[in-house]
Chemist: 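Below you'll find the structure I mean.
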Amino acid sequence: MRLLLKIPLHSSLGPHPVRQICCSRALQSCSDVRVRFAPSPTGMLHLGGLRTALYNFLFAKAHNGSFVLRIEDTDRTRLVPGSEESLEEMLRWAGLQPDEGPTKGGKYGPYRQSERVHIYKEKTQELIERGAAYHCFCTPHRLELLRKEAARRKEVPRYDNRCRQLSQQECRRRLEDGVPHVVRFKLEDNAKPFTDLVFGVTRHDVASVEGDPVILKGDGFPTYHLANVVDDHLMEISHVLRGQEWLISTGKHLMLYQAFGWTPPQFAHLPLLVNKDGTKLSKRQGDIFANHFREKGYLPQAVLNFITFCGAGFHDNKKVKTLEDMVAEFSLARVVEHPARLDWDRLQEFQREHLARLFGTHSGQTQIVQNLRELLVQQYGERFSGFSVLPDEYILKVLEMRMGHFTLLSDLVSADFQYLWGQPNITVQKLVMITSHASPVLRTVHEALQDMSTDQFTTEGLGSKLRYVSKTHQAVKYSTLMKMLRFVLSGRQVGPSVAEMMTTLGQTETLKRLNNALSLLDSHSKTKDTERRL
């Protein structure tokens with residue numbers, strides 16, 4: 001597609017002033033902002049679609065407008081059962097509730113295109129009567145020959161507009177004979193430039209590189225080009241915010257508006273989402289679908305921050321924002337045209353920050369504790385009921401101690417943190433491999449901790465006490481003591497500090513685990529004595 005005219009959009013100092021003026025005038029001229037998110041129910045909602053929905057939502061709310069959900073389900077061959085319900089559920093999860101839509105309803109419905117087919121047929125007939133569209137009877141075989149000939153000449157395939165030349169009498173005869181057909185829209189030469197609110201003044205000479213597009217298919221359903229224009233007009237959409245891939249089609253859409261005699265909405269095409277290295281996102285990656293992040297346990301606020309961090313739209317694009325912050329700060333004039341590179345490391349940072357914020361509220365604590373408890377039940381099943389350290393107070397303490405050290409709640413039910421939820425499986429053999437002085441040292445530790453008051457049983461207090469124990473057993477180095485205690489408490493030799501482990505587990509549970517280790521050592525000693533006597 002040839003790009004014939006374009007103004008500079010962005011400088012090193014920020015949005016280009018000409019573009020800011022264009023955006024400002026466009027917004028001032030529109031008193032009733034209505035935008036739409038119009039996905040096709042052909043699969044799960046991906047990050048690009050979620051970002052398009054978010055920017056439409058932000059733009060609507062920032063201007064006290066309406067956010068409309070419309071389902072574009074006219075391509076019946078690609079429909080996936082359950083996709084529409086999944087799309088709506090993901091919008092609810094993200095907090096992007098539509099003001100109008102298939103479920104919510106509204107005065108501009110129906111909001112499923114498959115329920116509006118009669119409207120498209122009426123509008124198609126109107127275009128035919130105006131001389132802006134025509135019936136095309138070319139067979140699939142002929143169209144395939146055109147494609148092959150174009151390939152042989154190393155040209156872009158295009159329809160040759162043959163049926164434009166049919167007389168009214170010939171067209172009527174074929175219709176009466178029931179000859180299969182579609183309806184095509186007549187593209188006009190010398191396309192006019194238009195101002196895109198992201199990409200600036202743009203002109204695409206559509207007719208020079210494309211044949212007349214199909215607007216009504218043989219099955220009676222419209223193509224995207226006709227349906228989106230008709231619906232956007234009838235639903236009084238004021239601004240169309242959609243993906244950059246539709247930028248080159250906007251010229252033909254404007255021709256359709258002109259053919260109908262309608263005033264078009266303002267257009268803003270959002271830059272592509274790409275990987276950090278600039279490569280295209282692929283559905284084969286698996287982690288580009290919104291429900292992937294939900295199932296993993298990411299908070300919706302973190303995901304929304306993640307997909308806006310790289311695409312601008314805000315004065316300060318680095319700080320963590322709530323959805324309310326985004327609405328207050330969003331400016332379409334600050335959305336840049338270059339591809340938005342996803343930095344996956346930033347997602348982890350946003351998740352930890354938003355999780356900490358949520359935990360800072362009473363309702364958030366309740367929600368997080370409940371979610372973690374559900375994960376524990378899923379992970380440990382029946383064993384969960386036998387664990388002695390799982391009242392809400394204990395779970396809260398675990399979260400307080402570990403907050404900022406984990407990204408997802410599921411991290412806390414991984415093998416690294418299994419010791420938090422039940423007695424570890426330890427063996428005497430591994431214990432004595434750490435030190436042959438395990439039994440006397442553990443007794444000293446047990447006695448020292450047993451004498452501590454609740455107020456003393458803190459990270460600082462335990463640190464001092466353990467260093468004192470190490471000095472009384474000079475045969476065991478401090479590092480060896482820590483290694484042994486970490487193993488007794490968690491069954492692992494790496495992890496948080498021993499004092500932090502003890503503080504998290506609490507005095508009662510810590511003493512219980514020390515007792516368990518001492519019992520194993522005593523039993524082992526008695527067995528050895530018996531074997532020697534025999």
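FYI, side chains are in, hydrogens and waters are out, and symmetry mates aren't considered; it's all heavy atoms of this structure.
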Chemist: Tell me whether Met433 at atom CE has more than 12 heavy atoms from other residues, nucleotides or ligands lying less than 6.0 Å away.
Modeler: no
Chemist: Going by atom types alone, do Asp73 and Ser114 pair a side-chain donor with an acceptor below 3.5 Å?
Modeler: yes
Chemist: Do NZ/NE/NH1/NH2 and the carboxylate oxygens of Arg443 and Glu447 come within less than 4.0 Å?
Modeler: no
Chemist: List the steps and the verdict of ring pair (Phe, Tyr, Trp, His ring centres under 6.0 Å) for Phe67 and Phe59.
Modeler: CA-CA 9 Å; Phe67 172 55; Phe59 187 76; over 10 Å; no
Chemist: Please examine the side chains of Leu69 and Tyr111, heavy atoms only from C-beta on, and report whether any two atoms are closer than 4.5 Å.
Modeler: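 Result no, sub-4.5 Å side-chain heavy-atom pair not found.
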Chemist: Is it true that Arg294 and Glu89 make a salt bridge, defined as a side-chain N closer than 4.0 Å to a carboxylate O?
Modeler: yes
Chemist: Among His292, Gln348, Gln351, which residue meets the side chain to side chain donor-acceptor pair (under 3.5 Å) test with Tyr298?
Modeler: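 Of the listed options, the one satisfying the test is Gln348.
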Chemist: For a 4.5 angstrom cut-off between non-hydrogen side-chain atoms, does Asn56 reach Arg51?
Modeler: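 The answer is no, as the side chains (C-beta and beyond) never meet within the 4.5 Å cut-off.
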Chemist: Mark yes when over 12 heavy atoms from residues, nucleotides or ligands other than Tyr478 sit less than 6.0 Å from its OH; otherwise mark no.
Modeler: yes
Chemist: Does any donor atom in the side chain of Asp277 or Thr279 lie under 3.5 Å from an acceptor atom in the other side chain?
Modeler: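 The criterion, which ignores hydrogens and geometry beyond distance, is satisfied for Thr279 and Asp277.
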Chemist: Ignoring hydrogens and angles, tell me if any N or O in the side chain of Arg34 forms a donor-acceptor pair with the backbone of Ser66 under 3.5 Å.
Modeler: no
Chemist: Ignoring hydrogens and geometry, is there a side-chain-to-backbone donor-acceptor pair from Ser436 to Val432 under 3.5 Å?
Modeler: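 Not a single qualifying donor-acceptor pair exists.
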Chemist: Inspect the contact between Asp231 and Arg70 and indicate whether a charged nitrogen and a carboxylate oxygen are less than 4.0 angstrom apart.
Modeler: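 Yes, Arg70 and Asp231 are salt-bridged.
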Chemist: Measure across Leu323 and Leu58 and return the closest heavy-atom pair with its distance rounded to 0.1 Å.
Modeler: CD1-CD2, 4.1 Å
Chemist: Below 4.5 Å, heavy atoms only, C-beta onward: do Val35 and Val68 meet side chain to side chain?
Modeler: no
Chemist: For residues Phe306 and Phe350, establish whether the separation of their ring centroids is below 6.0 Å.
Modeler: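 For Phe306 and Phe350, the ring centres are not under 6.0 Å apart.
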Chemist: Tell me the closest heavy-atom pair linking Pro424 and Leu489, and the distance in Å.
Modeler: CG-O, 3.6 Å
Chemist: Considering only NZ, NE, NH1 and NH2 on the basic side and carboxylate oxygens on the acidic side, decide whether Arg112 and Glu72 come within less than 4.0 Å.
Modeler: no
Chemist: Start with the C-alpha distance between Gln378 and Glu374, add both sets of side-chain angles, then the distance that settles side chain to side chain donor-acceptor pair (under 3.5 Å), and finish with yes or no.
Modeler: CA-CA 6 Å; Gln378 294 173 15; Glu374 290 174 1; 5.3 Å; no
Chemist: Just checking, any donor-acceptor pair under 3.5 angstrom between side chains of Thr480 and His437?
Modeler: no
Chemist: Is a side-chain N or O of Ser525 found less than 3.5 angstrom from the main chain of Leu521, in a donor-acceptor match?
Modeler: no
Chemist: Between Thr308 and Leu304, is there a donor-acceptor pair closer than 3.5 Å when you use the side chain of the first and the backbone of the second?
Modeler: yes
Chemist: Do the side-chain N and O atoms of Thr322 and Gln301 include a donor-acceptor pair separated by under 3.5 angstrom?
Modeler: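 Absent: no donor and acceptor within the cut-off.
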Chemist: Hey, is Asp392 close enough to Lys397 for a salt bridge, meaning N to O under 4.0 Å?
Modeler: no
Chemist: Carefully, step by step, assess Gln418 and Tyr380 under the rule side chain to side chain contact (heavy atoms under 4.5 Å, CB included).
Modeler: CA-CA 10 Å; Gln418 187 173 345; Tyr380 299 114; 3.3 Å; yes
Chemist: Checking the side chain of Ser83 only, and the main-chain atoms of Leu79 only, is there a donor and an acceptor separated by less than 3.5 Å?
Modeler: no
Chemist: Salt bridge or not between Glu500 and Arg402? Use side-chain N to carboxylate O under 4.0 Å.
Modeler: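 Yes.
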Chemist: Please check: side-chain N/O of Asn516 versus main-chain N/O of Lys512, any donor-acceptor pairing under 3.5 Å?
Modeler: no
